[in-house]
Amino acid sequence: MTSPGGPSSSGSEDLQQLMDQRKRKRMISNRESARRSRMKKQTHLNELMAQVNQLKEQNNQTVTNINRVTQVYLNVEAQNSVLRAQMAELSHRLQSLNEIINCINSANSTIDETQVIGDDGFLNPWNLLHVNQPIMASADAFMY
């Protein structure tokens, strides 16, 4: 004996069960896919965070190097300033000494040999100044 909706209701239940089973299977697959996607996203985030930390470290090293080089530059610049001032002072002194020598030489140019040797037969060092030559200097003389 068959029920009025016998074979068709049994087929419809089987069809419903099959659809439910497919639905559950799809839901499980979707959950697994979402889990993999979250894991992949977390892995990518971890890699990015590691890269951020590495870049921060490189940035700190670069800033440290820049500060060190800047300090060295400032020290060299200060030393250069001192050396330039010393060179200017020495050049000024040299010019003054050359002017003095020229002045003495021009004043002594009229002195003859008899005034160089004193009455006692010894040389008079004050009268030998006309023999001096101008003092010459070059940039190499200022090297330490």
Side-chain angles (χ1 to χ4, degrees), residues 5-144:
S8 67
S9 74
S10 172
S12 132
E13 285 177 17
D14 289 341
L15 185 60
Q16 184 64 36
Q17 286 179 349
L18 183 61
M19 286 176 47
D20 286 345
Q21 187 179 12
R22 285 183 183 169
K23 186 176 180 182
R24 273 188 243 114
K25 194 174 182 182
R26 193 170 52 245
M27 201 164 56
I28 290 170
S29 175
N30 285 347
R31 284 181 184 166
E32 183 61 27
S33 177
R35 186 184 67 77
R36 283 193 307 267
S37 179
R38 284 191 303 271
M39 286 178 61
K40 186 176 176 182
K41 185 176 179 181
Q42 185 63 43
T43 302
H44 185 63
L45 181 63
N46 290 343
E47 289 171 358
L48 289 175
M49 291 302 290
Q51 188 178 8
V52 164
N53 289 333
Q54 179 186 8
L55 291 173
K56 281 182 180 179
E57 181 61 31
Q58 287 177 353
N59 190 34
N60 288 339
Q61 289 174 353
T62 303
V63 167
T64 300
N65 286 340
I66 288 172
N67 289 339
R68 184 180 49 80
V69 169
T70 301
Q71 189 60 43
V72 168
Y73 169 77
L74 292 175
N75 288 342
V76 168
E77 192 67 30
Q79 290 173 351
N80 195 19
S81 234
V82 168
L83 291 174
R84 285 181 194 271
Q86 288 174 346
M87 186 179 82
E89 175 63 27
L90 290 173
S91 293
H92 179 69
R93 286 183 185 178
L94 180 62
Q95 182 181 1
S96 295
L97 289 173
N98 280 332
E99 288 173 3
I100 291 171
I101 288 172
N102 287 337
C103 204
I104 290 173
N105 282 341
S106 67
N108 285 339
S109 64
T110 57
I111 297 176
D112 60 8
E113 292 280 330
T114 58
Q115 290 178 334
V116 173
I117 300 176
D119 294 335
D120 54 3
F122 291 104
L123 294 176
N124 184 351
W126 297 108
N127 290 333
L128 290 176
L129 291 177
H130 70 284
V131 182
N132 290 338
Q133 297 295 321
I135 298 173
M136 303 301 287
S138 68
D140 296 335
F142 298 114
M143 297 283 182
Y144 293 119

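For the side-chain contact (heavy atoms from CB on, under 4.5 Å) test, residues two or more places apart in sequence or in another chain that qualify with R84 are N80. Partners of L74 under the side-chain contact (heavy atoms from CB on, under 4.5 Å) rule, at least two apart in sequence or in another chain, are T70. R35 pairs by the side-chain contact (heavy atoms from CB on, under 4.5 Å) definition with E32, R38, M39, not counting sequence neighbours.
Rounding to the nearest 0.5 Å gives a distance of 6.5 Å between OG of S81 and CD of E77. I100 contributes atom CD1, which lies 12.0 Å from atom CG of N105 (distance to the nearest 0.5 angstrom). The distance from the CD atom of Q54 to the CG atom of N59 is 12.5 Å, given to the nearest 0.5 Å. S33 contributes atom OG, which lies 13.0 Å from atom CZ of R31 (distance to the nearest 0.5 angstrom).
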**Request:** Please lay out, stage by stage, how N67 and Q71 fare under the test side chain to side chain contact (heavy atoms under 4.5 Å, CB included).
**Result:** CA-CA 6 Å; N67 289 339; Q71 189 60 43; over 6 Å; no
**Prompt:** For L18 and D14, what are the C-alpha separation, side-chain angles and deciding distance, and is it a side chain to side chain contact (heavy atoms under 4.5 Å, CB included)?
**Reply:** CA-CA 6 Å; L18 183 61; D14 289 341; over 6 Å; no
**Request:** Before giving the answer on side chain to side chain contact (heavy atoms under 4.5 Å, CB included), spell out for Q51 and L48 the whole-Å C-alpha distance, their side-chain angles and the decisive distance to 0.1 Å.
**Result:** CA-CA 5 Å; Q51 188 178 8; L48 289 175; 3.9 Å; yes
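Using a distance-only test at 3.5 Å, with no hydrogens or angles considered, a donor-acceptor pair links the side chain of T62 to the main chain of Q58. Formation of a donor-acceptor pair under 3.5 Å by the S29 side chain with backbone atoms of K25 is not found in this model.
Residues Q17 and Q21 are not in side-chain contact: their nearest non-hydrogen atoms beyond the backbone lie 4.5 Å or more apart. In this structure the side chain of E57 never reaches within 4.5 angstrom of the side chain of N53, judged on heavy atoms. L90 is not listed as a side-chain neighbour of L94, based on a closest heavy-atom distance of 4.5 Å or more.
Within 6.0 Å of atom CD in Q61, more than 12 heavy atoms from other residues, nucleotides or ligands are found, so the atom counts as buried in its surroundings.
Q42 and N46 share a donor-acceptor pair across their side chains, judged by distance under 3.5 Å alone.
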